Amino acid sequence: MTAGTVTGAPAGLDRLDFACWVAHFTAEAAWRAELGDPDWSRGARASAALLRSLQKFQVGEDGDGTNLIGKADAAGDVDYAAAVRLFVAEEQNHARLLAALLRAAGTPLLGSHWSDALFVRFRRTLGLRLELMVLLVAEVVAVPYYRAVRDGAADGLVAEVAGRIAADELRHIPFHCLRLRESIGLLPAALHSPAVAFWRLLATAAAGFVALDHGPALRVLGVRRLRFVARSAAVAAEAARALRPDR
């Protein structure tokens, strides 16, 4: 993935090895620390539909990543395992930012949500390859969602938080693609295309589910359900090209 493509990911990320990803994630963490948090004291205002949607996404971003870290450790690549820990830390920061945003809007957090509980239970039963496929689906859907919030929210604090998260999720796509491309490459050549096609099917199904479940929020943001699915499909199509071992 290069600059100017559908995803808009920074050029060169798809060519990093995992040692470089460790350095990249570390640099991003340092940049976030220097930047600091948004000004929560100004408060936030958003529609009830958008706040309900953000509550659900906050639950989805939360988690300690123990299961994924354990699988990464078992894979035997020290650099990859270190990069996964830094990836998990970024996701935890998203949960923290969304929690602070909801508090700034006077909105309570959800203790849990059935869709997230089902998602987590499902991917924890999988091996590393399939779990990463599911995680990549989540990233592909998250990018157009947070972009829609960034561009459509009337409140500046809501837009700022969504913009920060969207930028992170965009960088996560080439990170997962790199590992999955290597993993798919270990399969027999005849299975490469079916594996990528299976992943695209998962991504399309997930985009449709999010469009239905978060439809009221998307409508407030000025994004039709079908338009959201189309945007997700465009990001998924480019990620699918990056997944092919013969690219």
Side-chain angles (χ1 to χ4, degrees), residues 6-7 46-63 65 67-68 87 91 94-95 98-99 101-102 107 109-127 129-153 158 161-162 165-166 168-170 172-173 175-177 180 194-243:
V6 173
T7 62
S47 69
L50 179 54
L51 290 172
R52 283 194 297 271
S53 177
L54 291 171
Q55 283 177 313
K56 295 177 185 178
F57 266 81
Q58 194 278 332
V59 172
E61 298 278 8
D62 205 8
N67 191 62
L68 176 62
F87 156 75
E91 293 291 344
H94 297 170
L98 289 172
L101 176 63
L102 289 167
T107 302
L109 306 184
L110 296 179
S112 62
H113 188 263
W114 68 265
S115 60
D116 177 66
L118 182 63
F119 174 79
V120 172
R121 186 172 296 119
F122 171 67
R123 66 182 178 82
R124 282 183 175 176
T125 66
L126 305 174
R129 180 190 295 130
L130 289 177
E131 177 160 3
L132 289 180
M133 283 186 169
V134 175
L135 281 175
L136 182 58
V137 164
E139 305 286 4
V140 161
V141 174
V143 167
Y145 173 81
Y146 286 116
R147 281 177 167 174
V149 178
R150 178 197 65 190
D151 298 339
V158 175
V161 170
I165 296 175
D168 287 345
E169 303 289 26
L170 189 59
H172 294 167
I173 292 176
F175 172 62
H176 292 315
C177 283
L180 277 171
V196 174
F198 169 72
W199 178 82
R200 288 190 70 177
L201 180 63
L202 282 179
T204 302
F209 173 80
V210 171
L212 288 173
D213 192 36
H214 297 264
L218 293 172
R219 186 161 51 249
V220 168
L221 297 169
V223 179
R224 295 181 179 273
R225 285 185 171 99
L226 288 179
R227 179 60 176 162
F228 177 81
V229 173
R231 289 176 178 176
S232 299
V235 179
E238 189 160 335
R241 285 192 289 272
L243 288 176

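The model shown is predicted, which means the values in this text are computed figures rather than measured ones.
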Trainee: Can you list every pair that meets ring-ring contact (aromatic ring centres under 6.0 Å, His included) and has a residue in residues 222-241, with sequence neighbours left out?
Mentor: none
Trainee: What distance do Leu180 atom CG and Leu130 atom CG have between them, rounded to the nearest 0.5 Å?
Mentor: 9.0 Å
Trainee: Nearest 0.5 Å please: distance from the CG atom of Asp151 over to the CZ atom of Arg147.
Mentor: 8.5 Å
Trainee: Under the side chain to side chain donor-acceptor pair (under 3.5 Å) rule, collect the residues that match up with Glu139, sequence neighbours excluded.
Mentor: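 Listed in chain order: His172.
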Trainee: Side chain to side chain contact (heavy atoms under 4.5 Å, CB included), that's the test. Do Leu109 and Gln55 meet it? Break it down for me.
Mentor: CA-CA 6 Å; Leu109 306 184; Gln55 283 177 313; over 6 Å; no
Trainee: Compare every heavy atom of Ile165 with every heavy atom of Glu61, then report the nearest pair and how far apart it is.
Mentor: OE2-CG2, 4.1 Å
Trainee: Please round to the nearest 0.5 Å and tell me the distance separating atom CH2 of Trp199 and atom CG of Leu243.
Mentor: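 One gets 6.0 Å once the value is rounded to the nearest 0.5 Å.
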Trainee: Under 3.5 Å, side chain of Arg150 to main-chain N/O of Ala162, donor-acceptor pair present?
Mentor: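 No, because the side chain of Arg150 does not come within donor-acceptor range (under 3.5 Å) of the backbone of Ala162.
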Trainee: Can you tell me how far the CG atom of Leu54 sits from the OG atom of Ser47, to the nearest 0.5 Å?
Mentor: 8.5 Å
Trainee: What distance do Leu218 atom CG and Arg224 atom CZ have between them, rounded to the nearest 0.5 Å?
Mentor: 12.0 Å
Trainee: Test your reading of the model: is there a side-chain donor-acceptor pair from Gln58 to the backbone of Ala95, 3.5 Å cut-off?
Mentor: yes
Trainee: Is there side-chain contact between Val223 and Arg231, with heavy atoms separated by less than 4.5 Å?
Mentor: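 Of all side-chain heavy-atom pairs linking Arg231 with Val223, at least one is under 4.5 Å.
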Trainee: Would Leu135 and Leu68 satisfy side chain to side chain contact (heavy atoms under 4.5 Å, CB included), going step by step from the backbone distance to the final call?
Mentor: CA-CA 10 Å; Leu135 281 175; Leu68 176 62; 3.6 Å; yes
Trainee: I need the Asp168 CG to His94 NE2 distance, nearest 0.5 Å.
Mentor: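 Here the interatomic distance stands at 3.5 Å.
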Trainee: Can you give me the closest heavy-atom contact between Ser53 and His214, atom names plus distance?
Mentor: OG-ND1, 2.6 Å
Trainee: Which atom pair, heavy atoms only, marks the closest approach of Ala49 to Val220?
Mentor: CB-CG2, 4.3 Å
Trainee: Stepwise, does the side chain to side chain contact (heavy atoms under 4.5 Å, CB included) test hold for Glu238 with Ile173?
Mentor: CA-CA 10 Å; Glu238 189 160 335; Ile173 292 176; over 6 Å; no
Trainee: Any idea which heavy atoms bring Leu51 and Ala46 closest together, and the distance?
Mentor: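 Distance-wise, the nearest heavy atoms are CD1-O, 3.7 Å.
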Trainee: Kindly give the heavy-atom pair with the smallest separation between Ala239 and Cys177, and that separation in Å.
Mentor: O-SG, 3.8 Å
Trainee: Taking all non-hydrogen atoms of both residues into account, name the closest pair between Ala211 and Val229 and its distance.
Mentor: CB-CG2, 3.8 Å
Trainee: Once the angle between the rings of Phe57 and Tyr145 is folded into 0 to 90°, is it parallel (under 30°), tilted (30 to 60°) or perpendicular (over 60°)?
Mentor: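 The arrangement is parallel - the two ring planes meet at less than 30°.
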